[in-house]
Amino acid sequence: MIGRATRSSARDSADEPVRNGGEDSRRSAGRKGGTAGTIASALFYLVLIVVAVWQFTGVADDRFQIQVLDPDVGLLWRVFIVAVLALDVVLVLLVWRLGRWSPRLAVVNIVANGIGAVVTVVPLIGGGLLMDNVPQQLADAFDEKVTWSMPIGSIAAFLIVVAIWDSVEGARRAGLGRRRSR
C-alpha cells in the first residue's frame, strides 16, 4: 500500500496525450521517460515483497535488525499481502506495456487497492500485523527512552487514504467517469 504513490507517479509519462497527425493518442512518445519510472516502481514493489517475506519469517538477529511485522500474523494475511504487492508489479508492467491506463486495468487497480486495504488494515486494527514492541526496539537500538507508541489508527487511516487516492487516480487516467463527446 505504501508503494501505491510510487506506482501512480511513475506512470505519469506514459499517461500524457500525444498528438500524432491530428489524432489524440494516449501512447507516450518512445516511452523513454516511462521506462525508468516503471523500472523504479517495479523494483520498489519487489523490494517491498522481499522485506515483507523477510519480516514475516522473522528477523535473524535481534541486536541489529528490528522486527516490525508480526511473524505470527495468519498465513492467509501474509499470502494476501504479498499477492497484492505482486499484483501491483504486474499492473505497473501492464500499464507500461500498453502505454496508458485502460478501463480494465483501472478496475483491477481499484479491486487491488480494496483488497490491499482490507488485508493490511484488518490485521493492523486487530493488533496482529505490527509487533507491539516496535517503539521499544527502536529505543533500544538508539539507546533512548520510549516516549511514544504505535499510532495504529493513524497508520490505518493513511493506508485507506492512499488506497482511495490511487484508485481515483487510476480511474481518472483511464478516463472512467468522463462523458464521451459525440
Side-chain angles (χ1 to χ4, degrees), residues 1-56 68-69 73 75-124 129-130 154-182:
M1 300 274 310
I2 300 299
R4 299 212 185 281
T6 303
R7 183 180 67 227
S8 289
S9 62
R11 292 178 288 210
D12 284 345
S13 61
D15 193 41
E16 296 301 318
V18 176
R19 301 260 179 211
N20 288 334
E23 293 179 22
D24 188 28
S25 170
R26 284 238 178 253
R27 297 214 179 261
S28 65
R31 289 193 192 152
K32 215 169 198 176
T35 301
T38 299
I39 291 169
S41 290
L43 286 175
F44 179 76
Y45 281 113
L46 291 172
V47 167
L48 282 179
I49 290 169
V50 168
V51 169
V53 169
W54 166 63
Q55 283 282 304
F56 284 141
V68 176
L69 298 177
V73 71
L75 178 62
L76 282 177
W77 294 120
R78 290 182 279 172
V79 168
F80 277 122
I81 289 169
V82 171
V84 168
L85 290 170
L87 179 56
D88 285 336
V89 172
V90 171
L91 276 170
V92 165
L93 296 174
L94 286 173
V95 168
W96 174 79
R97 176 72 175 105
L98 221 79
R100 64 178 175 81
W101 275 93
S102 71
R104 285 184 182 150
L105 288 177
V107 169
V108 171
N109 185 51
I110 292 166
V111 170
N113 281 323
I115 292 170
V118 168
V119 300
T120 55
V121 170
V122 169
L124 178 67
L129 184 61
L130 300 178
S154 298
I155 294 170
F158 174 77
L159 293 173
I160 292 168
V161 166
V162 169
I164 292 169
W165 171 76
D166 188 63
S167 295
V168 169
E169 190 64 14
R172 182 191 66 80
R173 290 181 179 176
L176 294 179
R178 286 189 193 151
R179 293 184 186 186
R180 297 184 187 259
S181 59
R182 293 181 187 197

Does [X] reach the side chain of [Y], with side-chain heavy atoms less than 4.5 Å apart?
X	Y	value
Leu176	Trp101	no
Asn113	Ile164	no
Ile81	Leu129	yes

What is the minimum heavy-atom distance between [X] and [Y], and which atoms define it?
X	Y	value
Ser102	Leu98	CB-CD2, 3.8 Å
Val73	Pro123	CG2-CB, 4.1 Å
Leu105	Arg100	CD1-O, 4.4 Å
Ala42	Val92	N-CG1, 4.3 Å
Asn109	Gly170	ND2-CA, 4.2 Å
Val84	Gly116	CG1-CA, 3.9 Å

Rounded distance [0.5 Å steps], [atom1] in [X] versus [atom2] in [Y]:
X	Y	atom1	atom2	value
Phe56	Leu69	CZ	CG	4.5 Å
Ile115	Thr120	CD1	OG1	11.5 Å
Arg104	Leu94	CZ	CG	12.5 Å
Ile110	Asp166	CD1	CG	9.5 Å
Tyr45	Leu93	OH	CG	11.5 Å
Leu75	Phe80	CG	CZ	10.0 Å

Give me the one residue out of Ile49, Val51, Leu46, Val50 that meets side chain to side chain contact (heavy atoms under 4.5 Å, CB included) with Leu85. Ile49
The criterion is side chain to side chain contact (heavy atoms under 4.5 Å, CB included); which residues satisfy it with Ile155, sequence neighbours excluded? Leu124, Leu130, Met150, Pro151, Leu159
